[in-house]
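Reviewing the structure listed below.
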Protein chains: 2
Amino acid sequence: MSGNHQRTDVHEVASERLNAIDQRYSPGRRRLIEVLAQATHPLVTTEISAATDDLPQSSVYRNLSILEEAGVVVKVLTTGERAAFELAEDLKGHHHHVVCIDCGRVIDVDVPEQIEKLLSDGMSTLVAKEGFTLLGHRLDLLGRCDQCSRSRRDESFSTSSVK
Amino acid sequence: MSGNHQRTDVHEVASERLNAIDQRYSPGRRRLIEVLAQATHPLVTTEISAATDDLPQSSVYRNLSILEEAGVVVKVLTTGERAAFELAEDLKGHHHHVVCIDCGRVIDVDVPEQIEKLLSDGMSTLVAKEGFTLLGHRLDLLGRCDQCSRSRRDESFSTSSVK
DNA sequence: ATGAGTGCAAAGGCTTTGCATTAGG
DNA sequence: CCTAATGCAAAGCCTTTGCACTCAT
């Protein structure tokens, strides 16, 4: 659904970047990349673990961390519960997220070129005033997914209490 | 620095919204709001605890959670380490964050009207295709703060190992 | 053989919860 | 008085780390 602008092979790039920091592209790491490459939304560790033939949590975390250092994957921040991961921007293609404020579900979306351009062009000087060097941006669209909208309607007459 | 567009008294609004969910505007909660109202960046719990005459962690978390339910404060996502909090958008004024990708420091910034307009207007139909109802957006500018830029230069010749 | 990678289990850190006490309506 | 709010301590949960084993070079 989102832009799969993969000019070069993901595995090739992963291997190169790991080598650059003296790490191997081991089978476990390859499995992680395979799973992330197929995902249409950022994955939390349990999803990853489940999708990778139950790779142990420790390996998931450890390798994700190394892949992150290598610049192959990035940690995505959703609703604060737990960390989610996806391929780095240059491997996955620049895109943004739509986050459900109720259930935390995240999906990928592309954003019109016009807006992207404004974001990247107009902001550098703005943040420079604060002493920051602009490296990128993260635009999350916040809303309610169809499922949560529906269950909200259902319970709207019975619920007046907390949460 | 950022827009303090507080039309009405923060405490008044906080009190109302708490009442709406059958909660009181207790002194502890008032202290939290006072601290958050003065902050120029989202605060993590330790900062809050320190700033509120050492309100115990459990009270900080519990009341923050209740204030969040009441719609008075929101949880901010930084670099994943720990949760930070700030006043809800309508109390603090719409703004965005600049996040340092190295140390996680967050500061508030305002964004040109033109971009804000594009974000809010142009996106509804886009996310509607995915079954989402757009309620807002979160634009974080990612970069490196002056401090981290500096320490990065300093160690650039000695460091070739991992992290 | 030697060092990297793996996996299990234990430890760690932030956050949440139970329960008795205190305060407000 | 009765319920909400507080504080301390204990429990939980995600994540990280230690250590021995296995695999690749």
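So that the names make sense, note that chain A is the first sequence line, chain B the second, and so on, each numbered from 1. For clarity, every value in this text was computed on a predicted model and none was experimentally measured.
Across the protein-nucleic acid pair, A:Glu69 atom CD and C:dA4 atom C1' stand 15 Å apart, rounded to whole Å. In this structure, A:Asn19 places its CG atom 10 Å from P of C:dG5, rounding to the nearest Å. Rounded to whole Å, atom C1' of D:dC23 lies 17 Å from atom CZ of A:Arg30. When rounded to the nearest whole Å, the span between CZ of B:Phe85 and C1' of C:dT15 equals 9 Å.
Two residues are said to be in side-chain contact when any heavy atoms from C-beta on lie closer than 4.5 Å; A:Val74 and A:Glu68 fail this criterion.
The side chain to side chain contact (heavy atoms under 4.5 Å, CB included) check on A:Glu16 picks up A:Glu12, with sequence neighbours excluded. The salt bridge (Lys or Arg N to Asp or Glu O under 4.0 Å) check on A:Arg17 picks up A:Asp90, with sequence neighbours excluded. Contacts of B:Ser124 classified as side chain to side chain contact (heavy atoms under 4.5 Å, CB included), with partners at least two apart in sequence or in another chain: B:Leu134. Judged as a side chain to side chain contact (heavy atoms under 4.5 Å, CB included), and not counting sequence neighbours, the contacts of A:Glu34 are A:His11, A:Arg30, A:Arg31. In this view, A:Lys129 satisfies the salt bridge (Lys or Arg N to Asp or Glu O under 4.0 Å) rule with no residue, not counting sequence neighbours. For the ring-ring contact (aromatic ring centres under 6.0 Å, His included) test, residues two or more places apart in sequence or in another chain that qualify with A:His97 are A:His95. Taking the side chain to side chain contact (heavy atoms under 4.5 Å, CB included) definition, one finds that A:Arg24 meets it with nothing, sequence neighbours left out.
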Could you pull out all donor-acceptor pairs under 3.5 Å where a side-chain atom in residues 44-57 of chain B meets a protein atom, sequence neighbours excluded?
| residue | atom | partner | partner atom | Å |
| --- | --- | --- | --- | --- |
| B:Thr45 | OG1 | B:Tyr61 | OH | 3.2 |
| B:Thr46 | OG1 | B:Arg82 | NH1 | 3.0 |
| B:Glu47 | OE1 | B:Val44 | N | 2.8 |
| B:Ser49 | OG | B:Leu55 | O | 2.7 |
| B:Thr52 | OG1 | B:Ile48 | O | 2.8 |
| B:Thr52 | OG1 | B:Ser49 | O | 3.3 |

Nucleotide N/O to protein N/O under 3.5 Å, stretch nucleotides 2-5 of chain D:
| residue | atom | partner | partner atom | Å |
| --- | --- | --- | --- | --- |
| D:dA4 | O4' | B:Arg24 | NH2 | 3.0 |
| D:dA5 | OP1 | B:Gln23 | OE1 | 3.3 |
| D:dA5 | OP1 | B:Arg24 | N | 2.6 |
| D:dA5 | OP1 | B:Arg29 | NH1 | 2.8 |
| D:dA5 | OP2 | B:Gln23 | OE1 | 2.6 |
| D:dA5 | O3' | B:Ser26 | OG | 3.3 |

Review item, nucleotides 10-12 of chain C N/O atoms under 3.5 Å of protein N/O:
none

Short heteroatom pairs, N/O only, protein and nucleotides 16-18 of chain C, under 3.5 Å:
| residue | atom | partner | partner atom | Å |
| --- | --- | --- | --- | --- |
| C:dG18 | O6 | B:Arg62 | NH1 | 3.4 |
| C:dG18 | O6 | B:Arg62 | NH2 | 3.4 |

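With 3.5 Å as the limit, one finds no donor-acceptor pair spanning the side chains of A:His137 and B:His96.
Applying the ring pair (Phe, Tyr, Trp, His ring centres under 6.0 Å) definition to pairs two or more places apart or across chains, none involves residues 28-59 of chain B.
OP1 or OP2 of C:dG7 has at least one side-chain nitrogen or oxygen of A:Ser59 nearer than 4.0 Å.
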